[in-house]
Undergrad: 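I'd like to ask some things about the structure below.
Since the structure is predicted, the reported quantities are computational estimates derived from the model, not experimental observations. These numbers come from the heavy atoms of this one structure, side chains and all, not from hydrogens, waters or symmetry mates. Residue numbering restarts at 1 for every chain, and letters A, B, ... go by the order of the sequence lines.
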2 protein chains.
Amino acid sequence: MPEHNSTRHDRDGVARAALLLLDEVGLADLSMRRIAGALDVQPSALYWHFASKQELLAELADRITATMPRADADVLTTARGIRDALFTYRDGAELVLSTSALRLGSSPAQTALESALRRHGADDPENRAAALLHFVLGHATLVQQRMHADSHGATIGDGVHDITAGLDRVFDLGVTALAGTPVADDEVSELPTPRRDRA
Amino acid sequence: MPEHNSTRHDRDGVARAALLLLDEVGLADLSMRRIAGALDVQPSALYWHFASKQELLAELADRITATMPRADADVLTTARGIRDALFTYRDGAELVLSTSALRLGSSPAQTALESALRRHGADDPENRAAALLHFVLGHATLVQQRMHADSHGATIGDGVHDITAGLDRVFDLGVTALAGTPVADDEVSELPTPRRDRA
DNA sequence: ACCTGAACACCGTTCAAGT
DNA sequence: ACCTGAACACCGTTCAAGT
């Protein structure tokens, strides 16, 4: 059921319609002509609001990653927040990955990871944050593609549960390992990390 | 300069031409019509060898990942070998990532990582291998896109050296962290679960 | 076994012209 | 400020027909 707006549109409206359509049809079928159709408008009309499809996709990627988690969360929670933001829209991870080639060091996601790592007392927080982001993007892209493939592919038994659970374990293991062991407790002047003496 | 073969082609020849063309024009411009043109053939001729473009791309991805490193290498060497295989062709990482949604647990890359992890004495080698592969794919995709973006984008000074070097550090840090600390040396005999009593 | 020729239903993008 | 209409140079895929 199309939108049928008799009003004219602005940049925000176009982006919102495109995001809705992305969730319906997926990235491969998200054409300028389809977006125009959803807005009851000629394809050429979109080029008043965006210079190119690439620019429109970049806007969508920015909107997807704009939903960033609490600023005071720990590393695992922050990483999960990023992953879940990518999961909010169909093919969100692939879209962000395709788009985030530029501006590698400045994304809000990487910033959030970096400060969480600093609170955690990890060494080399900049590079660790980058590695963590690369892992999350790769992982989320693969998981999302697999979900899509399973949904209309040959489903053998009910292995879906096991697969999803297994992938969640892979995610937690990856994030935990990449967060790193905090540096020696007595070296951290400002934020004394809890010592593990409960064994 | 096109190929100009007057002979007919087989599946292997089509795949090789496509791989060559991929390196020249990149994934976005790798159309069936262009591949056909490189072979001096009508586009429809390709459909005798491959059922769809998707199937052809999957074949290319398989060929890219078929170059796997020595079977007895350590984890870092194995991971670097996978990354370098992805770097062999333009957009190789993106292509493999797009294609490897299916058959997640059976790739030769993951198998190589898993046995390297076992030799390293890491715990939970299956999930670690998966996490490692996700990281390598995400990292390589981002690096490769950035290389492409830099090559015809706004280059500020000579920051390319620093960027590449920084990304290499991120890669090594990520792989090392994901490889995990080996379990205590004297516990590794058969497989008795290690008790952590070294604190 | 391998390819041509023609067709079908699509693409992104540009640009004069309308309101 | 926002859109139409028409055009241009492309896509992937199918299918009868050729050799």
Side-chain angles (χ1 to χ4, degrees), chain A residues 2-19 21-22 24-61 90-91 94-95 98-99 101 145 148-149 152-153, chain B residues 2-19 21-22 24-61 90-91 94-95 98-99 101 145 148-149 152-153:
Chain A
E3 292 288 301
H4 180 46
N5 271 347
S6 58
T7 59
R8 304 182 103 124
H9 308 281
D10 56 0
R11 201 179 152 95
D12 181 65
V14 172
R16 294 165 71 114
L19 223 33
L21 193 59
L22 170 65
E24 283 175 23
V25 303
L27 187 56
D29 289 334
L30 187 73
S31 67
M32 295 297 267
R33 297 175 115 102
R34 264 183 181 267
I35 297 168
L39 290 165
D40 256 323
V41 136
Q42 296 294 322
S44 51
L46 301 179
Y47 290 85
W48 199 92
H49 303 286
F50 293 93
S52 65
K53 185 183 185 183
Q54 167 109 313
E55 188 182 299
L56 172 49
L57 292 181
E59 171 72 27
L60 301 189
R90 167 126 86 120
D91 294 332
E94 191 184 343
L95 173 57
S98 312
T99 296
Q145 279 175 176
H148 179 247
H152 65 288
Chain B
E3 292 288 302
H4 181 45
N5 272 347
S6 59
T7 60
R8 304 184 103 122
H9 307 281
D10 56 359
R11 202 179 151 95
D12 181 66
V14 172
R16 295 164 70 114
L19 223 33
L21 192 59
L22 171 65
E24 283 175 24
V25 304
L27 187 56
D29 289 334
L30 186 72
S31 68
M32 295 298 266
R33 297 176 115 101
R34 264 183 182 265
I35 297 167
L39 290 164
D40 255 324
V41 135
Q42 295 294 322
S44 50
L46 301 179
Y47 290 85
W48 198 92
H49 303 286
F50 293 93
S52 64
K53 185 183 186 183
Q54 167 109 312
E55 189 182 297
L56 172 49
L57 292 181
E59 170 73 27
L60 302 190
R90 166 124 87 118
D91 294 333
E94 191 184 343
L95 173 57
S98 311
T99 296
Q145 277 174 179
H148 180 247
H152 64 288

Undergrad: Taking OH from A:Tyr47 and P from D:dC3, how many angstroms apart are they, rounded to a whole number?
TA: 15 Å

Undergrad: Calculate the interatomic distance between B:Asp10 atom CG and C:dC2 atom P; express it in whole Å.
TA: 7 Å

Undergrad: With a 3.5 Å limit on both atom pairs, tell me what C:dA6 is paired to, counting Watson-Crick and G-U wobble, or say none.
TA: D:dT14

Undergrad: Just so I know, are the side chains of A:Glu59 and A:Val14 near enough to count as touching, which here means a heavy-atom distance under 4.5 Å?
TA: no

Undergrad: In whole Å, what separates the C1' atom of C:dC11 from that of D:dC8?
TA: 12 Å

Undergrad: Starting from C1' on D:dT13, measure out to CD on B:Gln54 and report it in whole angstrom.
TA: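 That distance rounds to 14 Å.
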
Undergrad: Measure the shortest side-chain to side-chain distance between B:Ile35 and B:Leu56 over non-hydrogen atoms and say whether it is less than 4.5 angstrom.
TA: yes

Undergrad: Please state how far atom CZ in B:Phe50 lies from atom P in C:dC3, giving the value in whole angstrom units.
TA: 12 Å

Undergrad: For the side chain of A:Trp48, counting heavy atoms from C-beta on, which of D:dC2, C:dG12, C:dC2 is nearest?
TA: D:dC2

Undergrad: Of the nucleotides D:dA1, C:dG12, C:dT4, which one has an atom closest to the side chain of A:Met32?
TA: C:dG12

Undergrad: Taking only the P atom of each, what is the distance from D:dC2 to C:dA17 in whole angstrom?
TA: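 Each nucleotide's P atom is 22 Å from the other's.
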
Undergrad: State whether the side chain of B:Arg90 and the backbone N or O of B:Glu24 hold a donor-acceptor pair below 3.5 Å, judged by distance alone.
TA: yes

Undergrad: Rounding to an integer number of Å, can you tell me how far A:Asp29 CG sits from C:dG12 P?
TA: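 Between P of C:dG12 and CG of A:Asp29: 11 Å.
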
Undergrad: So what does B:Ser44 hit on the nucleic acid, given a heavy-atom distance under 4.0 Å: a base, only sugar-phosphate, or nothing?
TA: base

Undergrad: Could you check whether atom CZ of A:Arg11 has more than 12 heavy atoms from other residues, nucleotides or ligands sitting under 6.0 Å from it?
TA: yes

Undergrad: Are OP1 or OP2 of D:dC3 and a side-chain N or O of A:His49 less than 4.0 angstrom apart?
TA: yes

Undergrad: What nucleotide, of D:dA7, D:dG12, D:dT4, holds the atom closest to the side chain of B:Arg33?
TA: D:dG12

Undergrad: For residues B:Leu60 and B:Thr99, determine if any side-chain heavy atom of one lies less than 4.5 Å from a side-chain heavy atom of the other.
TA: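 Side chain of B:Leu60 against side chain of B:Thr99, heavy atoms only: no contact under 4.5 Å found.
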
Undergrad: What's the CD1-C1' distance between B:Ile35 and D:dG12, to the nearest Å?
TA: 11 Å

Undergrad: Rounded to whole Å, please give me the gap between CG in A:Leu30 and C1' in C:dG12.
TA: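 So the two atoms are 13 Å apart, to the nearest Å.
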
Undergrad: Tell me which nucleotide among C:dC3, D:dG5, D:dT13 gets nearest to the side chain of A:Gln42.
TA: D:dG5

Undergrad: What is the distance, to the nearest angstrom, from the CZ atom on B:Arg11 to the C1' atom on C:dC2?
TA: 15 Å

